[in-house]
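In what follows, a single structure is set out as structure tokens and then discussed.
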Amino acid sequence: MPPSLVITRYFADKQAALDELQSKFETATQELESFVEENSGEDGLVEEAKNEKGNLSKKGITDRIKISKDQEEIEALKKCLELVNEESACKSAVKVAKDELDELVFKKIPTIPEAELKKLIVQDKWFASVEAQIIEEIERMTQQLANRVKTLEERYAQTLPALGKDAEKYTGLVEC
């Protein structure tokens, strides 16, 4: 029994909440990456806080804040630390939500009646798979027919009277 079927049937609201948290995490990661990219380089404000691998860490940022004398650098490092903390909080929220959802699914599967399990397997899994394959085949056939129609359209783009006129014109040129 794929957990995704149980989630879809019984825990769609929890999955939606997890998806929302995942979206927030991705947004926080993008904001952090953008900020670091803007403030990195030779004269970048956060460049000195990077470790030997070129990565930023909370410890590196806080250590650099303590020793820096440049107010602009300190402000940039504080903003970077705020973004790192936000990303970390979002990441842990996603992990907690995913673990909770996994636990709910794990506990739910043994309690599902046999008739409901059969319904889940047959309708949600097999029928969905067959339907997806049918749709894929229809799309493939439609594409094939569209290509064939395009080929025929290109082949018969010139009408018979136009071809006849061209033949007469070229015949006249050849006979001269």
From CA spacing to verdict: side chain to side chain contact (heavy atoms under 4.5 Å, CB included), I112, V6: CA-CA 9 Å; I112 300 173; V6 177; 4.3 Å; yes
Audit row: E37, E33, side chain to side chain contact (heavy atoms under 4.5 Å, CB included) steps and yes/no: CA-CA 6 Å; E37 187 176 311; E33 288 174 357; over 6 Å; no
Audit row: E31, T27, side chain to side chain contact (heavy atoms under 4.5 Å, CB included) steps and yes/no: CA-CA 6 Å; E31 286 178 13; T27 301; 3.6 Å; yes
Stepwise side chain to side chain contact (heavy atoms under 4.5 Å, CB included) test for D166 and Q158: CA-CA 10 Å; D166 286 346; Q158 289 185 320; 4.1 Å; yes
Return a table of donor-acceptor pairs under 3.5 angstrom between the side chains of residues 79-103 and protein atoms on other chains or two or more places apart.
residue : atom : partner : partner atom : Å
N85     : OD1  : K58     : NZ           : 3.3
N85     : ND2  : L81     : O            : 3.3
E87     : OE2  : T29     : OG1          : 2.9
S92     : OG   : S88     : O            : 3.4
S92     : OG   : A89     : O            : 2.9
K95     : NZ   : D99     : OD2          : 3.1
E103    : OE2  : K107    : NZ           : 2.9

Please list, one pair per line, the donor and acceptor atoms closer than 3.5 Å that link side chains of residues 113-124 to other protein atoms, with sequence neighbours excluded.
residue : atom : partner : partner atom : Å
E114    : OE2  : K118    : NZ           : 3.4
E116    : OE2  : R9      : NH1          : 2.8
E116    : OE2  : Y10     : OH           : 3.4
D124    : OD1  : R9      : NH2          : 3.1
D124    : OD2  : R9      : NE           : 3.4
D124    : OD2  : R9      : NH2          : 2.7

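With sequence neighbours excluded, no residue satisfies side-chain contact (heavy atoms from CB on, under 4.5 Å) with L160. Evaluation of the side chain to side chain donor-acceptor pair (under 3.5 Å) rule for E137 yields R140 as partners, not counting sequence neighbours. With sequence neighbours excluded, the residues satisfying side chain to side chain donor-acceptor pair (under 3.5 Å) with Q71 are E75. For the side-chain contact (heavy atoms from CB on, under 4.5 Å) test, residues two or more places apart in sequence or in another chain that qualify with P3 are V105. Legend: residues meeting side-chain contact (heavy atoms from CB on, under 4.5 Å) with Y156, ordered by chain and number and at least two apart, are L152. For I138, the side-chain contact (heavy atoms from CB on, under 4.5 Å) partners at least two apart in sequence or on another chain are I134, T142. Shown here are the side chain to side chain donor-acceptor pair (under 3.5 Å) partners of S68, two or more places apart in sequence or in another chain: E73. Not a single salt bridge (Lys or Arg N to Asp or Glu O under 4.0 Å) links K169 to another residue, sequence neighbours left out. For D63, the salt bridge (Lys or Arg N to Asp or Glu O under 4.0 Å) partners at least two apart in sequence or on another chain are K59.
No side-chain heavy atom of Q143 sits under 4.5 Å from any side-chain heavy atom of E139. The shortest distance between side-chain heavy atoms of T8 and Q15 does not fall below 4.5 Å.
Under the 3.5 Å distance criterion, the side-chain polar atoms of S34 are left unmatched by any main-chain donor or acceptor of Q30. Remark: the backbone N or O of K125 is not paired with any side-chain donor or acceptor of S129 at under 3.5 angstrom.
Distance check: D19 CG to K14 NZ gives 13.5 Å after rounding to the nearest 0.5 Å.
Members clustered with L163: none, using a 4.5 Å side-chain heavy-atom cutoff among hydrophobic residues.
One hydrophobic cluster, built from ILVMFWY side chains closer than 4.5 Å, cannot hold both I7 and F106; they sit in different ones.
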